[in-house]
Amino acid sequence: MNRELFEARYAALWDQLEALLSDARDRSRFRGAKGQLPEEARARLPELHRAVCHHLALVRQRRYGPDLEERLNGLALRAHDLLYSRRRIPLKEAIEFVALGFPRRVREERLLVWLAIAVLVLPAFSMWAAGLADPDLVATIVPAEVAGSLAESFGPQAQRLRPARSDFAMFGFYVRNNAGIAFRTFASGLFFGAGALFFLAYNGLFFGAVAAEISSLGYEEGFYSFVIGHGSFEITGIILAGAAGLRLGLSLLLPGELSRAEALRVAARRSLPLVGGATVYIVIAAVIEAFWSASAIVAPSIKLAVGTALWLAVAAHLLLGGRSRAA
Amino acid sequence: MLKPDGRQPLAEAVRRVETPEGVELTLRTAGVVPRFFAALLDFGIRFFIYLFGAVLFSGLHTAGPGLFLLLLFTGEWFYPVLFELFRRGQTPGKAALGLRVLHDDGTPVTLPSSILRNLLTFADFLPLAFLAGIVSILVTRDFKRLGDLAAGTVVVHDPRARFRRPVPPAAPEAPPVPLSSPEQQAIVEFAERLASWPPERARELASLARPLTGATGTASVDRLSRFASWLVGRRAA
């Protein structure tokens, strides 16, 4: 068969596929979602796609010409795209995942999680101890204006920290700031874990320095009753994002039997659940921090009790969530 | 340039994916320059979204600042995710440049992949001004930034977007020997671009095809045009 006969015989079929593809594209806002096509067209799609793939192979083998090859390649690409598109947002799975799959993933990565905890907590304690011994050290980490505002915020004369109508603004601020820290910690872990280690240790140092300043001022009650409530979800979230970043870095250091590129892809896929769960934790922490931690109506003793309960809830979720009943 | 066995060389902006139907599809991977302009456009668009949000939310003075901060957060991290998911792999900037994000196997990008590649944009940004990402695009096989490497995605030129000039009319003539697909491609593209060159340059290029045309200069240009005409399916009436 020569090219003219070939084209004459199949042009109608190509036009059909072309029409179907444009139709799919026009039909929905989520362009090309195959669920939006009429039943009949959806049933025809695999058949047309297979035919065009076959024709493309023939055109290449018989060298019918680059323009025809390009047209069929384009058609096949678009049909392939439509045929193999998946449902984009599995909402139910996402919720189930945060409740059950996420704690499982955390336990699977417990070594890295412990490492991340150590890299955050050890600098925090060292800085706290060193800051108590030598208050000048605090100033190297905590900017003066932050140190100054600590006294206003947590001292005995501290009033309600801000008018109630700005609670929501603070919620927005905490989400943006803390989730941003978590994402940066995760992403920079790609550089052999270095970035994740840096952000974890830096946050630890900063917290330790602030705690030392508070201790030297003697405002422990106001401060710890403030941080204990959201601290559970927030610090855990940062630690888990750090562990996820370390997973990325480790895959490049110790790729095992895979190539480094492949190991990175696998590790990224496996670390994403940790980041997702960490993000949910950080949003929960932002709600607590904005609407509860700074509340002046609630007595510090109640905040401490609720905060302790929240720490236990986080621990229970991560240690017990998603275990099968039989186990 | 063709290698002696007629296959295309490795340093070529093409990625081949094999489909379950057993045929290879060709994707044209996008390099640093169009991606830079797409990113620049997206940056500008984001800026206007923030501006619009600021005006809109300033009316609501209780919730306004909070909503604006949430808008900033969403814009900073999830602007590309939302568009890649709902606009078939295209942010507005990519759409303007005719680029799309796909999985390595040519299938549309999914939520986890899109989140991964866009969270890791921060790694691409380091140490400053997207240096890591640019180096990564320049040294990897399919022009991948770090986010693409980790997510298993690739940025390609949209198959719809290619602009082609028609092959100028010439009496069709079959080439004397069967030509490989890349050779055919080269001849057709020569003819397509003929009008955009000074005649001296066209003659110079066509002279290189002397083994095929048996001629140099204008004669070779004419013969190549006739071949191209035949190759795009024209036949003598």
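Heavy atoms only: backbone and side chains are in, while hydrogens, waters and symmetry mates are out.
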(message) I'd like to know whether Q185(B) forms a side-chain contact (heavy atoms from CB on, under 4.5 Å) with E69(A), so could you lay out the CA-CA distance, the side-chain angles of the two residues, the decisive distance to 0.1 Å, and finally the verdict.
(response) CA-CA 10 Å; Q185(B) 187 81 42; E69(A) 181 179 335; 5.6 Å; no

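Considering all non-hydrogen atoms of both residues, R265(A) and L149(B) come closest at CG-O, 3.1 Å. Nearest approach of T107(B) to H80(A), heavy atoms of both residues: CG2-CE1, 3.9 Å.
At least one side-chain heavy atom of L70(B) sits less than 4.5 Å from a side-chain heavy atom of F171(A). In this structure the side chain of L69(B) never reaches within 4.5 angstrom of the side chain of V175(A), judged on heavy atoms.
Contacts of V59(A) with chain B are absent, with no heavy-atom separation under 4.5 Å from either backbone or side chain. If you measure heavy-atom distances from L190(A) to chain B, the contacts under 4.5 Å come from the side chain alone. Residue T74(B): no heavy atom, backbone or side chain, is found under 4.5 Å from chain A. Contact annotation for L75(A): neither backbone nor side-chain heavy atoms come within less than 4.5 Å of a heavy atom of chain B. With a 4.5 angstrom heavy-atom cutoff, L71(B) does not touch chain A via any of its atoms. Interface residue R50(A): backbone and side-chain heavy atoms are both found under 4.5 Å from chain B. Heavy-atom distances place no part of D148(B) under 4.5 Å from chain A, backbone and side chain included.
Residues passing the side chain to side chain contact (heavy atoms under 4.5 Å, CB included) test with P65(B), sequence neighbours excluded: A169(A). Every residue two or more places apart in sequence or in another chain that forms a side chain to side chain contact (heavy atoms under 4.5 Å, CB included) with L272(A) is listed here: P112(B), I115(B), L116(B).
For the atom pair R60(A) CZ and Q184(B) CD, the distance stands at 12.0 Å (nearest 0.5 Å). For the atom pair CH2 (W77(B)) and CZ (R184(A)), the distance works out to 5.5 Å, reported to the nearest 0.5 Å. Atom CG of residue L120(B) and atom CG of residue L248(A) lie 6.0 Å apart, to the nearest 0.5 angstrom.
Aromatic ring orientation, F183(A) versus F73(B): parallel (interplanar angle below 30°, classes split at 30° and 60°).
Residues of residues 121-134 of chain B that come within less than 4.5 angstrom of chain A, heavy atom to heavy atom, are F122(B), A123(B), L126(B), A132(B) in numerical order. Identified by a heavy-atom distance below 4.5 Å to chain B, contributing residues of residues 276-288 of chain A are lacking entirely.
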